[in-house]
Amino acid sequence: MRHDRAESARLDNFVDGAFAFAITLLVISGANLPRTVAALVHALRGIPAFAACFVQLAIFWHGHVRWRDSVRLTDRTSLLLSLLLVFFALIFVFPLHLVYASFFSSITHGWLSPDFALTSASLPALAALFACYGLSYACMAGTLALLCRHGLRNGHLVAADAIPVHVNMLSWAYYASIGLLSALIAVAAFATGAGWLIAVAGFSYALLGFTHGIANRYRARMERGAVP
């Protein structure tokens, strides 16, 4: 039992450290500290994009924390899936930053995140960016869904403890499907040359707003025993 706790603690520390490292890659001032007031103001204009990226990574990190709190497994599969989540997080951080920085730059006509702009980017470049972002998003959410599924199968949970894990698995699977949908729409935009599909790929993430309602209905059905 002590060995299992030690293994669990080491894995959690590694995952936490990896997410912290991914967030440091988003530092608003880049590789160099600002040396003038003008440089400081320039860097501070990147705060909204940094905040959005920070929240997005924190959501995935907290998903792993909730899984660990609900399912205390230290087997090989849990280790591999947790490492896979870290791997995807370190990939996800780059398209994540570019998407949000370009978004804030676009809606403020370059005042926020002035170093990032996609207004002059070609359709293939935009399609590649959204496809990369969507696939990375889907891979991270899908990995968390697999962790929950593995916990349900091997965690020996009682019925009351299994319900939130079931709900989390459904939520992460829904997140993954939205990311995959956006990526497929971006690929379709590249294949057909239809620029308006890029906007559809971006706005498809608005479907995430239905997650809470879907999860609550699924939870209620499980509590009534309607879902096996």
Side-chain angles (χ1 to χ4, degrees), residues 12 15-16 18-19 22-23 26 49-71 73 77-78 80-100 102-103 127-153 155 162-189 197-222 227:
D12 292 344
V15 173
D16 293 348
F19 271 92
I23 290 174
L26 301 171
F50 171 78
C53 295
F54 181 91
V55 169
Q56 186 66 80
L57 284 173
I59 289 172
F60 285 113
W61 167 78
H62 190 248
H64 188 269
V65 171
R66 292 180 64 188
W67 170 81
R68 172 61 70 193
D69 289 343
S70 303
V71 182
L73 281 176
T77 301
S78 298
L80 291 177
L81 287 174
S82 295
L83 293 177
L84 187 62
L85 180 65
V86 168
F87 175 76
F88 288 137
L90 295 176
I91 295 174
F92 181 58
V93 66
F94 297 109
L96 174 70
H97 192 202
L98 187 54
V99 164
Y100 277 115
S102 300
F103 169 75
L129 174 61
F130 277 95
C132 183
Y133 177 87
L135 286 175
S136 300
Y137 189 96
C139 286
M140 290 191 69
T143 302
L144 285 168
L146 289 175
L147 275 169
C148 293
R149 180 173 178 267
H150 177 65
L152 289 170
R153 290 189 169 189
I163 289 178
V165 181
H166 267 288
V167 173
N168 287 335
M169 180 181 69
L170 172 71
S171 298
W172 288 119
Y174 180 69
Y175 288 173
S177 67
I178 298 303
L180 185 59
L181 173 65
S182 178
L184 291 175
I185 294 173
V187 171
L197 284 175
I198 295 297
V200 176
F203 283 113
S204 63
Y205 290 98
L207 295 172
L208 295 174
F210 296 103
T211 306
H212 187 68
I214 294 172
N216 283 342
R217 292 187 62 182
Y218 187 75
R219 183 191 299 273
R221 290 184 62 193
M222 288 202 68
V227 178

Seminar exercise, completed: Contacts of W172 meeting ring pair (Phe, Tyr, Trp, His ring centres under 6.0 Å) (sequence neighbours excluded), chain-then-number -> F60, Y175

Problem set entry | Which residues share a ring pair (Phe, Tyr, Trp, His ring centres under 6.0 Å) with Y205, sequence neighbours left out | Y133, Y137

For this session: Grab the two heavy atoms, one from V187 and one from A131, that are nearest each other, plus how far apart they are.
Result: CG2-CB, 4.3 Å

Problem set entry | Side-chain (R68) to main-chain (L73) donor-acceptor, under 3.5 angstrom | yes

Problem set entry | side chain to side chain contact (heavy atoms under 4.5 Å, CB included) partners for L90, two or more places apart | F21, A22, V86

For this session: Working to the nearest 0.5 Å, report the span between OG1 of T77 and CZ of R149.
Result: 10.5 Å

Seminar exercise, completed: Taken in chain and number order and not counting sequence neighbours, the residues that satisfy side chain to side chain contact (heavy atoms under 4.5 Å, CB included) with I198 are L123, L126, A127, F130, A189

For this session: Could you pull out all residues at least two apart from R66 that satisfy side chain to side chain donor-acceptor pair (under 3.5 Å)?
Result: N168

Problem set entry | With sequence neighbours excluded, residues passing side chain to side chain contact (heavy atoms under 4.5 Å, CB included) with D16 | W61

Exercise. Between CE of M169 and CG of L144, what distance do you get to the nearest 0.5 Å?
Worked result: 12.5 Å

For this session: Find the distance between OG (S82) and CG (D12) and round it off to the nearest 0.5 Å.
Result: 7.5 Å

Exercise. CG/L146 to SG/C139 distance, rounded to the nearest 0.5 angstrom?
Worked result: 10.5 Å

Seminar exercise, completed: For V167 and A215, the nearest pair of non-hydrogen atoms, with its separation, is CG1-CB, 3.7 Å

Exercise. Do S136 and F94 pass the side-chain contact (heavy atoms from CB on, under 4.5 Å) test, and can you show the C-alpha distance, the side-chain angles, and the key distance before you say yes or no?
Worked result: CA-CA 10 Å; S136 300; F94 297 109; over 6 Å; no

For this session: Sequence neighbours left out, what passes side chain to side chain donor-acceptor pair (under 3.5 Å) with S171? Give chain and number order.
Result: none

Exercise. Which pair of non-hydrogen atoms, one from L81 and one from T143, has the smallest distance, and what is that distance?
Worked result: O-CG2, 3.2 Å

Exercise. Once you round to the nearest 0.5 Å, how far does CE of M140 lie from NE2 of H64?
Worked result: 10.5 Å

Exercise. Side chain of S182, backbone of G202: donor and acceptor closer than 3.5 Å?
Worked result: no

Problem set entry | Over all atoms of both residues, closest heavy-atom pair of S70 and V165 | CB-CG2, 3.7 Å

Output side-chain donor-acceptor pairs under 3.5 Å for residues 206-214, partner residues at least two apart or in another chain, one line each.
| from | atom 1 | to | atom 2 | distance (Å) |
| --- | --- | --- | --- | --- |
| T211 | OG1 | L208 | O | 2.7 |
| H212 | NE2 | N216 | ND2 | 3.0 |

Exercise. Side chain to side chain contact (heavy atoms under 4.5 Å, CB included) with F203: which residues, sequence neighbours excluded?
Worked result: A199

Problem set entry | Separation of L84 CG from L147 CG (nearest 0.5 Å) | 9.0 Å

Exercise. Looking at A186 and A201, what are the two nearest heavy atoms and their distance?
Worked result: N-CB, 4.1 Å

